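This one's a predicted model, so the numbers in the text were calculated from it and none came from an experiment. Letters A, B, ... mirror the listed sequences (proteins, then strands); counts begin at 1. Just so it is clear, the values below take in all heavy atoms, side chains as well, and ignore hydrogens, waters and symmetry mates.
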2 protein chains.
Amino acid sequence: MEKLPPGTLCVVCEDEATGKHYSIPSCNGCKTFFRRAIVNNRTFACMGHGNCPVNKGVRCACRHCRLKKCLEVGMDKNAIQNDRDRIGYTKRTKRPRPSSDEMAGHTNGEGFSDPPQPSPGSSVGSPPSGPMLVPLAAPDPLLERLTDLENKFTLLFSRSIIEPYASIDDALAAPSRFCRPIDIQMSDPVAVPRPCDDQRKMPFWRSRIITLFIDWAKTFPIFQNLPYTDKIALIMNHASSYLIMCEAFRTPEHITDKIMHPDGHFFSRNPTPDSLFSKSLSGLTPVMGAMIDYVLRPFRQLKVTVTELAALQAIMFFDPDTEGLDSASQRNVSAEQKRVLVSLYRQLSIRYDPSETAERYASLLLRVPTIRKVAAKNNESYQILDMFKLFTINPLVRETALGVRLTRHIP
Amino acid sequence: MEKLPPGTLCVVCEDEATGKHYSIPSCNGCKTFFRRAIVNNRTFACMGHGNCPVNKGVRCACRHCRLKKCLEVGMDKNAIQNDRDRIGYTKRTKRPRPSSDEMAGHTNGEGFSDPPQPSPGSSVGSPPSGPMLVPLAAPDPLLERLTDLENKFTLLFSRSIIEPYASIDDALAAPSRFCRPIDIQMSDPVAVPRPCDDQRKMPFWRSRIITLFIDWAKTFPIFQNLPYTDKIALIMNHASSYLIMCEAFRTPEHITDKIMHPDGHFFSRNPTPDSLFSKSLSGLTPVMGAMIDYVLRPFRQLKVTVTELAALQAIMFFDPDTEGLDSASQRNVSAEQKRVLVSLYRQLSIRYDPSETAERYASLLLRVPTIRKVAAKNNESYQILDMFKLFTINPLVRETALGVRLTRHIP
DNA sequence: ACCTGACGGTCAAAGGTCCA
DNA sequence: ATGGACCTTTGACCGTCAGG
């Protein structure tokens with residue numbers, strides 16, 4: 001048996017793996033979930049299209065897709081021992097040794113009691129006075145927050161009813177959807193009302209992304225304290241990149257040659273029979289190719305995690321070289337970017353050994369220029385499409401991608 | 001976890017607690033009330049004075065005060081999880097639709113077929129290649145070579161007579177000037193013959209840079225072994241960035257608001273008296289501003305060294321995301337890039353302590369996207385200038401910046 | 001005998017359901 | 001429409017077992 005390097009991630013959901021289970025490095029949750037599903041011969045129905053994302057934050061959202069992924073990554077049904085001896089006694093009934101002391105009922109009489117373990121996230125009372133084993137992987141609060149936002153994004157994006165903003169001004173004025181802790185409006189996963197017309201699906205999903213992007217941005221205190229024009233500058237600077245990263249990252253994992261939206265609508269590099277009907281979008285085909293080759297594929301190859309993606313989005317968003325930033329804002333933005341960079345590096349360094357850490361760090365950071373390039377391409381295509389008015393672009397997407405402000409609003 | 005002593009009361013309403021919920025011993029009612037209030041982001045108004053009593057008997061009387069008390073006694077919002085999958089009806093009442101929700105037998109979804117495919121990236125047991133202790137301060141041969149090239153570049157650039165190549169094909173066919181050990185023709189620092197006409201100075205210097213850039217590229221064995229089309233792809237991809245970095249880095253140190261060539265010819269952000277005479281170049285003014293703000297200034301601020309610049313040029317040149325690279329070349333290019341990255345990181349780590357190392361590493365790598373952006377801008381301006389034929393661009397610069405091949409030459 | 005990795009079982013605490 | 005009794009699911013933790 002090999003020892004699993006500490007910090008290995010669960011292949012199913014990217015939580016920390018507790019070991020190999022059913023032949024796959026996995027976390028306790030996925031291990032137990034898999035066993036129960038198989039033992040009880042459960043079958044689940046996906047309310048979406050069988051391509052829900054599965055990661056630590058949303059792994060409970062769709063059992064069908066979670067089980068499917070367990071199998072896809074190779075969890076071995078045969079490793080489940082159906083006919084194991086009944087264990088019988090457990091801690092309560094146990095008689096480990098005849099010593100019979102026990103007090104089975106309540107152990108808390110003495111030093112055995114442990115301080116009630118605080119739920120994750122809550123502030124802690126007393127640090128266990130004792131020897132205090134390794135504070136393993138002290139979770140970085142900043143990255144945790146970013147990851148949490150990313151998971152909420154996933155839920156909101158694919159399962160919530162969203163009224164896209166009509167303009168950047170509106171978007172900045174409204175409260176962020178991320179601040180209400182969870183606001184899933186009980187819609188079924190992909191009962192999200194959406195256009196049936198294939199030609200309108202992309203604008204539909206893209207305007208959702210941009211809308212959520214702005215809501216995401218508004219959760220950062222640093223962002224909120226920026227002057228109005230600087231807010232707009234940051235939004236404009238990163239919108240297209242955010243969009244592209246989001247679409248690439250959220251394309252279901254087994255898809256490697258298409259960009260796919262949550263409802264199964266997709267773009268592939270080569271015009272499909274579908275797109276032959278909608279010539280109007282064919283202008284985007286080369287951009288899709290670039291997204292696949294230079295964004296989606298590298299993400300897959302690197303096995304970018306949710307946390308890494310979350311950090312990268314923030315690093316790119318807080319870009320001190322954003323055009324038009326005033327110099328005070330530039331310093332603030334730069335400081336925020338640096339904070340995320342430091343957190344990311346630390347996070348990597350607890351999961352990898354030193355040389356691997358630096359390598360992965362560089363690999364992630366070097367995605368930035370390429371993503372920006374593809375984003376610029378995307379904007380260009382939009383401009384061309386816009387010029388010829390080949391199809392109606394959602395006003396918000398238009399503003400952010402084309403850099404054209406439609407409305408003016410002095411805050 | 002402790003067992004709650006039987007008879008414990010709900011801290012909110014003094015009903016019997018059913019356990020700890022959201023870190024507080026509480027009853028079922030308060031537990032559910034709290035979750036729903038948070039999840040739906042409810043806010044309630046108190047009809048009284050915000051001090052209504054809350055206990056078993058009257059707990060429903062004022063939701064505002066009930067929620068307030070929940071928070072006061074420490075119920076933990078963070079313990080609320082993301083949306084879960086629907087469970088299905090437990091009692092057979094009300095069936096929304098006879099959908100095949102739970103049916104055993106076979107799953108509805110597609111890809112559930114179960115070839116237990118081995119996990120794609122088992123990511124295990126790769127023996128960490130040699131621990132390889134840091135040969136402290138051992139000069140890195142790769143970086144040394146790069147630095148050496150950079151120094152030679154400086155000499156050649158400012159003090160040598162250079163016949164610019166007429167086309168990329170010619171450039172690739174010729175031997176590299178860097179390979180002749182020393183070929184400085186001992187001209188005085190700026191005795192280099194150059195146009196007196198101010199309007200022709202920039203093209204003059206730029207064509208020198210591009211010429212030397214290609215000679216620089218040809219010194220890399222990896223580059224030489226690339227197929228012809230891939231060589232061109234790399235050159236085209238990086239030419240403009242190389243040019244910009246070169247001009248910014250080589251502007252004398254005391255100059256911080258201009259881009260200056262070795263003969264003193266310069267561009268500043270604001271049209272100077274000089275440039276008033278040469279309207280034809282004014283199209284480049286905004287690009288110059290960007291070069292100053294986003295390339296020159298950051299270089300100064302970081303105090304980028306020659307070695308760091310040299311490494312950065314190589315890292316950017318060996319860009320695996322260069323468009324049009326064939327996949328074998330891509331691997332080779334990527335490997336070379338990685339080598340430089342590793343060397344650079346090592347170099348930094350002997351000069352700085354660990355956290356500073358990572359910080360500087362990131363600062364350097366994050367110059368890449370910005371430089372690329374300015375380079376793209378530069379190319380755009382050239383295209384516009386070219387379109388209006390405002391001035392004659394040197395054919396080589398034209399080819400590399402505009403992506404227009406003038407000649408064809410099958411090697 | 002003593003680790004250790006990977007099984008199965010347990011139960012506090014989370015979420016979902018549905019009647020009054 | 002909403003509260004809350006009652007149910008299911010989750011996953012951290014622990015005992016057990018086989019192989020070293």
| task | Check every strand shown and say whether Cys60(A) touches a base, only sugar-phosphate, or nothing at a heavy-atom separation below 4.0 Å. | result | sugar-phosphate

| query | With no hydrogens and no angle check, is any side-chain donor or acceptor of Gln313(A) less than 3.5 Å from a backbone partner on Ala310(A)? | reply | no

| Is it true that a side-chain atom of Asn40(A) and a backbone atom of Arg36(A) form a donor plus acceptor pair closer than 3.5 Å? | yes

Side-chain N or O of [X] closer than 4.0 Å to phosphate OP1/OP2 of [N]:
X        : N       : value
Arg63(A) : dT9(D)  : yes
Arg42(A) : dT9(D)  : yes
Tyr22(B) : dA12(C) : no

Whole-Å distance separating the [atom1] atom of [X] from the [atom2] atom of [N]:
X        : N       : atom1 : atom2 : result
Arg84(B) : dA14(C) : CZ    : C1'   : 5 Å
Arg36(B) : dG15(C) : CZ    : P     : 12 Å
Glu16(B) : dC6(D)  : CD    : C1'   : 15 Å
Leu67(A) : dT10(D) : CG    : C1'   : 15 Å
Phe33(A) : dT8(D)  : CZ    : P     : 17 Å
Asn28(B) : dT2(D)  : CG    : P     : 19 Å
Asn40(A) : dT9(D)  : CG    : P     : 9 Å
Arg35(B) : dA5(D)  : CZ    : P     : 14 Å

| Is Asp148(A) salt-bridged to Arg145(A), going by a charged N under 4.0 Å from an acidic O? | no

| said: Taking the basic N atoms (NZ, or NE/NH1/NH2) and the acidic carboxylate oxygens, is any pair closer than 4.0 Å for Glu356(A) and Arg351(A)? | reply: no

| said: Between the base of dG11(D) and the side chain of Arg59(A), is there a donor and acceptor pair under 3.5 angstrom? | reply: no

| task | Kindly say whether, by distance alone, the side chain of Lys31(B) makes a donor-acceptor pair under 3.5 Å with the base of dG3(D)? | result | no

| said: I want to confirm an ordering. Mapping Gly29(A) and Arg66(B) to their closest nucleotides on DNA chain D, which one lands closer to the 5' end? | reply: Arg66(B)

| request: Scan every strand shown for a Watson-Crick or G-U wobble partner of dA12(D), both distances under 3.5 Å, and answer none if you come up empty. | output: dT10(C)

| field | NZ or CZ of Arg66(A) within 45° of Phe33(A) ring axis and under 6.0 Å | value | yes

